[in-house]
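These notes concern the structure reproduced below.
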Amino acid sequence: MSDAISTTTGTKKILIVGGGFGGLHAALHFEKALGADTGVEITLVNHENFFLFTPMLHEVAASDLDITHIVNPIRKLLRKTTFFDGDIVRLDLQGRKAVVSHGFEPHTHDLPYDHLILALGSTTNFYGLPGLESHAMTMKSLGDAIHLRNHLIGHLEEADTECARDCRGRLLTFVIAGGGFAGVETIASVNDFVRESLRFYPHLKESDVRMVLVHSGSVILPELSPSLGAYAQTKLAGRGVEIVLNAKVTEVSDTTVTLSNGTVIETGTVVWTAGTSPHPLLAGLPCGKQSGRVTVDATLEVPGWPGVWALGDCAMIPDPKTGKPYPPTAQHALREGRVLAENILATMAGRPKKPFTFTTIGQLAAIGRRAGVANILGFQFSGFLAWWLWRTIYWSKLPRFEKKVRVALDWTLDLFFSKDLVKVTTWRGAARTPRGGR
């Protein structure tokens, strides 16, 4: 069934689809700018009722942070915005409405709008590789991080048993595909977690563990300089990580992963961080697109569709300085959200819109054991200082004082206590998945 959610006659309706960095910061700016103005109604639709601080996701997977400390309930962040916990089924740009599905007995609602903000983000791209989607894990969501954490602990528990002696090598071989920020930070955290946990498993030793990072380029972290990438490679290799360069994953099965150089690795763990795609909902929109992302002008409005705006991973935003699109990073998305909100308010008030311009401040990556690499305002940092900068900068960006305190406490306690080995199960009664399964 389909219900129409109506609003007060004459009220301007702003609909934000997506609650990531871009969508959330657009809503926050609207609330700050509008104050008590009741002539504008803001609605945000997201398929989860929380905002996920993705830069710290790998720390949840490695038990450095509690699973709820990097998420914020949207209803606590946005006090003047109507929040709708549901999935976008269809966007009708001509009819100026979105069709949203939700409920234990799924049904749909029509959400009309005067201004639509596309902030749908991206999804994992498996490139149609055989077995990849069905056998590999990803690191895009909180559920992914919890699943990987449970998986790691499950494999340690299984490998420690006598009956698993013959398959111990496969159980303790972990392959991460993708040498960008997500892949490097994931394998660094996983490597630290697994190796530090071995002392609690009497039948396992360091030589049983094999960590493999597969990267298609000649040096990892291509987003940074070759020298920082080389530094990260040296550090990871010194901690037991095997780095396979100039190679790609071509096939994954339940027990193996095959690489483009012909190597076959026996493993029960493959984490895929090597590709993203624009949200599939964008494919059916009649507006202009490039590489699947919605094209916008300098003010973040979609050409030919007044009142339709896009930002973040799902938008192709031109950088006037380079002629290339802005990179889809969090530091860009949150600033795009503010500029976009200002431009919508300017449009409604009859004022001129402002173009979005921003120069990347810096990029950072944590590479485990209190070390990192960073490029900030053109200056390069590595080692402990880069790691300290990583934690300080991202901690400062984490929304809400409560979460900052919780994360700071987690990091402090981590100095004195070992990582938690509790496997958080999600089944009830007899509905149980096999131990160590994906």
Side-chain angles (χ1 to χ4, degrees), residues 19-25 28 50-74 76-77 121 139-142 144-146 148-149 180-190 192-193 221 223-224 228 231-232 235 273 312-313 326-338 358-415 419:
F21 279 92
L24 176 72
H25 280 83
L28 287 170
F50 57 82
F51 165 72
L52 171 65
F53 195 74
T54 51
M56 294 180 178
L57 197 58
H58 64 279
E59 295 210 335
V60 170
S63 278
D64 292 320
L65 295 174
D66 185 89
I67 60 177
T68 65
H69 290 177
I70 66 167
V71 293
N72 272 284
I74 292 177
K76 288 189 176 183
L77 289 169
M139 276 290 284
K140 288 280 289 180
S141 68
L142 181 63
D144 289 341
I146 297 171
L148 177 56
R149 180 180 182 275
F181 285 109
V184 168
E185 291 184 329
T186 297
I187 199 166
S189 296
V190 166
D192 287 352
F193 174 69
L221 295 173
E223 301 92 339
L224 298 174
L228 288 178
Y231 173 86
K235 283 292 185 181
T273 68
D313 291 11
Y326 282 107
T329 66
Q331 64 179 298
H332 287 81
L334 63 89
R335 290 168 175 85
E336 290 161 9
R338 296 169 190 162
F358 177 67
T359 300
T360 302
I361 297 173
Q363 294 177 302
L364 312 94
I367 57 175
R369 294 190 187 177
R370 297 178 176 84
V373 288
N375 186 320
I376 301 175
L377 298 174
F379 296 96
Q380 295 189 15
F381 305 89
S382 60
F384 177 83
L385 178 58
W387 171 83
W388 181 85
L389 286 170
W390 185 96
R391 283 205 163 179
T392 302
I393 291 171
Y394 281 125
W395 180 83
S396 70
K397 301 298 182 182
L398 186 67
R400 297 181 63 234
F401 178 72
E402 173 196 338
K403 297 297 182 176
K404 284 183 170 70
V405 171
R406 292 183 184 274
V407 166
L409 285 173
D410 282 349
W411 283 342
T412 303
L413 294 173
D414 189 51
L415 298 172
K419 298 180 187 296

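Quantities reported herein were computed from a predicted structural model and do not represent experimental measurements.
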What's the spacing between [X] [atom1] and [Y] [atom2] if we round to 0.5 Å?
X	Y	atom1	atom2	result
L57	E185	CG	CD	10.0 Å
L148	F193	CG	CZ	9.0 Å
L65	S189	CG	OG	9.5 Å
T273	I187	OG1	CD1	9.5 Å
I74	F51	CD1	CZ	9.0 Å
R391	L389	CZ	CG	13.0 Å

Looking only at heavy atoms, what is the nearest atom pair of F53 and P399, with distance?
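Heavy atoms only, the tightest pair is CD1-CD, 4.1 Å.
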
Closest approach of G368 and A188, non-hydrogen atoms and distance?
N-CB, 3.7 Å

Identify, with sequence neighbours excluded, every residue that meets ring pair (Phe, Tyr, Trp, His ring centres under 6.0 Å) alongside W387.
F384

In this structure, are over 12 heavy atoms from other groups packed under 6.0 Å from W411 atom CH2?
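Enclosed: over 12 neighbouring heavy atoms sit under 6.0 Å from CH2 of W411.
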
Should the heavy atoms of other residues, nucleotides or ligands under 6.0 Å from NZ of K419 be counted, would the total exceed 12?
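Yes, NZ of K419 has more than 12 neighbouring heavy atoms, counting only those of other groups under 6.0 Å.
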
Kindly indicate whether the side chain of [X], heavy atoms from C-beta on, has any atom under 4.5 Å from the side chain of [Y].
X	Y	result
E336	F21	no
I393	I376	yes
E223	V184	no
V373	F381	no

Going by the rule side chain to side chain donor-acceptor pair (under 3.5 Å), which residues pair with H69 if we only count those two or more places apart in sequence or in a different chain?
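Expected list: D410.
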
Any carboxylate oxygen within less than 4.0 angstrom of a Lys/Arg side-chain nitrogen, looking at D66 and R406?
no

Does the pair E59/R149 count as a salt bridge with the N-to-O cut at 4.0 Å?
no

Only distances under 3.5 Å count here; give the side-chain donor-acceptor pairs of residues 359-366 to other protein atoms, sequence neighbours excluded, each with its distance to 0.1 Å.
| from | atom 1 | to | atom 2 | distance (Å) |
| --- | --- | --- | --- | --- |
| T359 | OG1 | K321 | NZ | 2.6 |
| T360 | OG1 | H332 | NE2 | 3.3 |

Check: [Y] main-chain N/O paired with [X] side-chain donor or acceptor under 3.5 Å:
X	Y	value
W395	K404	yes
Y326	G312	no
Q380	N375	no
K403	N72	no

Worked check of side chain to side chain contact (heavy atoms under 4.5 Å, CB included) between L415 and R370:
CA-CA 11 Å; L415 298 172; R370 297 178 176 84; 2.9 Å; yes

With side-chain contact (heavy atoms from CB on, under 4.5 Å) as the test, pick out the partner of F181 among L221, T186, T329.
L221

Out of T54, T68, L52, which residue meets the side-chain contact (heavy atoms from CB on, under 4.5 Å) rule with L142?
L52

